[in-house]
Amino acid sequence: MIEVAVRKTLREFVLDVDLRFERGVTVLAGPSGSGKSTLLRIVAGLTRPDAGRVVLDGRPLQHDATVVAAFRREVAYVFQEYALFPHLDVLGNVAYGLTARGMSRQSRRATALAWLERLGIGALARARPSTLSGGERQRVALARALAWTPRAVLLDEPFAALDETTRARVRDELRATLQSLDVPVVLVTHDETDAATFAAPVVRLEQGRVVGRR
Amino acid sequence: MIRAAVAAASVLLVLFITVPLVALYAHVAPARFAATIVSPPALAALRVSLVTTTASLALTLALGTPLAYALARGRFPGRTLVDAVVDLPIVVPPAVAGLALLFVFGTFGLFGPALGALHLRIAFTTLAVVLAQLFVGAPFYVRAARAGFAAVDPALEEASATLGMGPLRTFARVTVPLALPALAGGAVLAWARALGEFGATIMFAGNLQGVTQTLPLAVYLGLESGELDLAAALAAVLVTIALAVVVAARVLERRAA
């Protein structure tokens with residue numbers, strides 16, 4: 001479970017929330033610029049809040065003076081534009097986090113390949129990210145985030161970079177994959193259809209405050 | 001009319017640059033070149049240049065890389081000032097740089113008494129050659145590296161962190177590989193500038209064969225002492241290296257873009 005109670009002054013308003021994200025998927029919805037991404041970044045350790053705390057499965061990640069660096073949090077983050085490493089092939093991207101886990105070269109390769117197969121992109125192992133379609137990139141980004149077995153998964157607008165037709169298909173695939181995970185998964189979206197598709201709790205954010213839950 | 005004028009001006013300048021270089025090569029007969037290039041003064045100058053430019057390049061990379069990264073990513077007070085200061089050696093006359101270095105490391109310089117107490121001498125040693133080269137060459141590397149680092153999407157470094165890689169590993173596995181063409185291009189330019197260094201070296205390190213006499217200094221001495229063959233042979237070596245540097249810099253520039 002992720003407990004996040006933080007405050008952060010942004011340009012146009014103050015982000016001020018007190019939330020719990022249980023195991024499984026939670027959709028964090030709300031209009032663009034409502035503080036959703038900032039909240040996600042705070043949980044991942046990419047942005048510092050002005051005050052408050054972030055606790056993951058009882059372990060404080062952020063509490064006053066205690067700040068656990070992003071790379072020690074074991075919180076995976078799927079970036080809006082995917083942020084795939086352009087100098088590595090698909091396999092290298094997915095195996096990247098496994099190096100940090102101290103895995104041998106062979107088992108890194110095997111684990112990464114298994115994830116690619118599972119997401120239906122095994123044939124792309126040797127491709128460069130620049131040659132992939134939007135939907136393929138998204139799956140690589142997801143495989144990279146999930147392969148190193150994080151304690152939580154955060155997805156920032158995972159559909160925003162996709163066109164309408166790819167979007168519906170990717171949404172269904174993503175839902176199936178994410179719902180099989182046994183860790184807290186927070187998915188940020190400003191799109192109401194996306195939010196409604198997931199049979200998951202929805203937290204609605206506006207102007208930095210929680211305005212609704214479902 | 002205008003087209004003809006443009007063509008004439010262009011041809012004139014291109015010829016002005018190429019003809020002297022061709023004349024230089026023409027002066028060097030192959031047989032004499034072979035004999036001259038293995039003469040003791042030539043070999044000594046080649047060795048001094050190789051050793052000192054290797055050392056100054058190592059120092060440039062070791063000190064310039066962190067600075068370039070800080071300038072590209074850091075938000076610290078006086079960043080613009082530091083940025084300007086780093087560019088200064090590019091426009092400061094080399095002889096002035098040599099004099100300035102003497103005022104710091106010379107016997108009567110700022111650190112002179114301290115160095116004297118430790119029985120250390122820097123001015124007029126091989127180390128002085130290295131320091132002069134570092135002074136004039138480092139800015140070329142820092143400029144290129146800063147631009148290279150700035151062009152790396154910060155989200156990629158963040159992605160690396162969220163995959164469990166600490167700052168140093170992220171730097172080595174993501175930032176450096178992506179900035180590599182820019183880093184290499186800057187390193188080539190800095191090295192070439194160090195290799196050609198003359199003014200600061202002769203002021204701060206002198207012109208002592210086998211110790212501080214680099215290739216450009218040997219060319220100068222060859223001309224002064226009437227050994228034109230030696231001067232021309234070493235000059236031809238320098239021009240050939242310069243040609244290679246220009247080509248390498250072009251290739252790396254294209255890759256960086």
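Order of the sequence lines sets the chain letters (A, B, ...), proteins ahead of strands, with each chain counted from 1.
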Given heavy-atom pairs under 4.5 angstrom as the criterion, report whether the side chain, backbone, both or neither of [X] touches chain B.
X	answer
A:A70	both
A:L84	backbone
A:Y96	both

If I take atom [atom1] from residue [X] and atom [atom2] from residue [Y], how far apart are they, to the nearest 0.5 angstrom?
X	Y	atom1	atom2	value
B:S160	A:F85	OG	CZ	5.0 Å
B:E158	A:T47	CD	OG1	7.0 Å
A:H87	B:L180	NE2	CG	10.5 Å
A:R101	B:L163	CZ	CG	10.0 Å

So which of A:A147, A:A44, A:P86 has the biggest tally of heavy-atom pairs under 4.5 Å with chain B?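 That would be A:P86.
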
If you compare all heavy atoms of [X] against all heavy atoms of [Y], which two are closest, and at what distance to 0.1 Å?
X	Y	answer
B:R169	A:T99	NH2-O, 3.6 Å
B:P167	A:F71	CD-CE2, 3.6 Å
B:A155	A:A83	O-CB, 3.9 Å
A:W148	B:G164	CH2-N, 3.6 Å

Please determine whether the number of non-hydrogen atoms from other residues, nucleotides or ligands lying under 6.0 Å from atom [atom1] of [X] exceeds 12.
X	atom1	result
B:R250	CZ	no
A:R48	CZ	no
B:F76	CZ	yes
B:L168	CG	no
A:R72	CZ	no
A:R175	CZ	yes
B:R143	CZ	no

Quick one: of B:V174, B:D153, B:T170, who has the most non-hydrogen atom pairs under 4.5 Å with chain A?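 Of B:V174, B:D153, B:T170, B:V174 has the most heavy-atom pairs under 4.5 Å with chain A.
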
For B:L156, is it the side chain, the backbone, both, or neither that has a heavy atom closer than 4.5 Å to a heavy atom of chain A?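 Looking at B:L156, backbone and side chain both touch chain A.
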
Are B:T162 and A:V75 close enough, and set up right, to give a side chain to side chain contact (heavy atoms under 4.5 Å, CB included), and what steps lead you there? CA-CA 6 Å; B:T162 63; A:V75 173; over 6 Å; no

